Novice: 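The structure is given below, and queries will be raised subsequently.
For the single chain, residues carry numbers from 1 onward in sequence order. What you see is a predicted model; the values in this text were computed from it and never measured. Every number for a ligand or one of its atoms is a count from 1 in the order of the listing.
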Amino acid sequence: MKRDHGRRPAPGLRIAALAAVLPLVLAGCGGSSGDGGTISWRLAETHPEGHPTVEADQWFADELRERSNGRIDVTVYTDAQLGEERDVLEQIQLGSVEMTRTNANLVAEFVPTWEAFGMPYIFDGPEHFWAFLESEEGTALMEDLSEGGFTGLAYYDSGARSFYTTEQPVEEPSDLEGQNIRVQPGSLTAEAIEAMGGSATAMDFSEVYSGMETGVIDGAENNLPSYVSTMHYEVAPEIALNEHQRVPEVLLVGESVWQSLSEEDRELVREVAAESSQKQRELWAEETERSRGVLEENGVEIHEVEDKDPFREALAGVREAHEDDLGEALDAIEAARP
Ligand code: GTR
């Protein structure tokens with residue numbers, strides 16, 4: 001699970017890295033043959049090996065290869081080797097990468113209704129989260145992905161996101177005052193942080209470690225497995241479990257790539273993706289548990305936030321501000337509350 005903390009390489013190195021990736025990109029172009037031959041897809045992933053989401057991607061690839069008798073061949077590229085998440089979504093639109101596992105907050109920039117997933121405290125907890133994702137409305141939101149040129153295959157778990165900082169833990173909203181927090185590009189999180197008196201900086205995932213180390217930012221927010229796999233706890237050891245968002249992960253493929261598949265292959269891919277989601281949820285639960293242990297071993301004190309109402313109250317205005325554009329999706333999420 002060791003990760004390169006994403007210190008930005010010198011420009012020369014970046015060109016060299018691009019030169020290394022380009023042949024991969026070109027070799028994979030037009031990956032689906034559509035004529036009964038082998039179909040080769042690259043699956044872009046930002047997490048490192050060992051992360052539960054990567055294990056699920058790999059399970060999906062292995063099962064699909066086996067059940068298609070080697071005909072559908074998905075290769076998982078971890079650690080943002082094919083680019084940062086936002087860039088990958090653009091590459092998928094262009095057809096130069098076939099598929100990815102990404103986070104709904106990143107998708108929001110391409111598919112406006114997906115911004116609803118980033119609404120703070122819109123989900124009460126895991127039961128509500130899965131009740132919605134597995135409902136007809138959850139499926140309808142998945143279908144909205146076609147607006148961005150994507151076809152969604154499965155939702156994955158991503159737990160709850162909480163703030164972690166280099167010095168002052170965020171145990172109540174006012175703790176954000178004077179703190180500059182990294183957010184995912186294009187997400188609603190910036191508005192939420194500003195509503196609580198903090199400031200927000202959008203930054204690619206792999207730049208967050210060095211951003212906190214050098215003091216460009218004072219903290220970030222994420223779930224426990226990612227806090228551990230990125231080793232962000234080394235530089236930002238103050239984590240407070242305010243759990244402001246539950247943002248699903250999604251496995252998606254480019255729409256044109258999808259259209260090139262036969263009906264039979266689409267069915268197979270969907271079936272394996274749905275099973276990989278079940279697998280991912282199990283792996284996720286185990287890793288969340290294990291992450292707590294890793295943090296304890298490393299002397300990181302987890303600040304529990306028993307009363308989350310002050311956060312909910314401070315963020316009520318964000319919900320109101322989005323009544324016109326997201327009201328329908330937000331109502332559907334609220335209606336799925338078990
Ligand atoms: C993680 C998510 C990643 C990435 C990351 C981030 O929870 O799984 O895909 O979006 O958050 O904060 O950039």
Novice: So which atom in A273 and which in L153 form the shortest heavy-atom distance, rounded to 0.1 Å?
Specialist: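 Residues A273 and L153, closest heavy atoms: CB-CB, 3.7 Å.
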
Novice: Using a strict 4.0 Å cut-off to heavy atoms of N223, name the atoms of ligand 1 that fall inside it.
Specialist: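 With N223 as reference, the close atoms of ligand 1 come out as 7 (O).
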
Novice: Taking the non-hydrogen atoms of T46, is any one of them nearer than 4.0 angstrom to ligand 1?
Specialist: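 Per 4.0 Å heavy-atom rule, T46 contacts ligand 1.
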
Novice: Determine whether D57 and Y77 make a side-chain contact, defined as any pair of heavy atoms from C-beta on separated by less than 4.5 Å.
Specialist: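 No, too far: nothing below the 4.5 Å cut-off.
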
Novice: Rounded to the nearest 0.5 Å, how far apart are CD1 of I302 and CG of L295?
Specialist: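 With rounding to 0.5 Å, CD1 (I302) is 5.0 Å from CG (L295).
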
Novice: Pull out every atom of ligand 1 sitting under 4.0 Å from any heavy atom of L106, numbered as shown with elements.
Specialist: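 Near L106, meaning under 4.0 Å from one of its heavy atoms, ligand 1 has 10 (O).
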
Novice: Would you indicate which of E84, H232, E249 comes nearest to atom 8 (O) of ligand 1 when only heavy atoms are counted?
Specialist: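 Answer by nearest heavy atom: E249.
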
Novice: Please write down residue, atom name and distance for the protein heavy atom closest to atom 12 (O) of ligand 1.
Specialist: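 Ranking protein heavy atoms by distance from atom 12 (O) of ligand 1, first comes R182 NH1, 2.7 Å.
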
Novice: Considering only non-hydrogen protein atoms, determine which one is nearest to atom 7 (O) of ligand 1 and report residue, atom name and distance to 0.1 Å.
Specialist: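 Atom 7 (O) of ligand 1 sits closest to the protein heavy atom N222 OD1, 2.7 Å.
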
Novice: When you measure from atom 4 (C) of ligand 1 to every protein heavy atom, which one gives the shortest distance, and what is it?
Specialist: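 It is E85 OE1, 2.9 Å.
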
Novice: Tell me the closest heavy-atom pair linking N180 and A200, and the distance in Å.
Specialist: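 Shortest heavy-atom separation between N180 and A200 comes out as OD1-C, 3.8 Å.
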
Novice: If we count only N and O atoms by modelled type, under 3.5 Å, do the side chains of E249 and S158 hold a donor and an acceptor together?
Specialist: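 Looking only at side-chain atoms, S158 and E249 do form a donor-acceptor pair, the distance falling under 3.5 Å.
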
Novice: Are the charged groups of R281 and E134 less than 4.0 angstrom apart, N to O?
Specialist: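 Answer for the salt bridge query: yes.
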
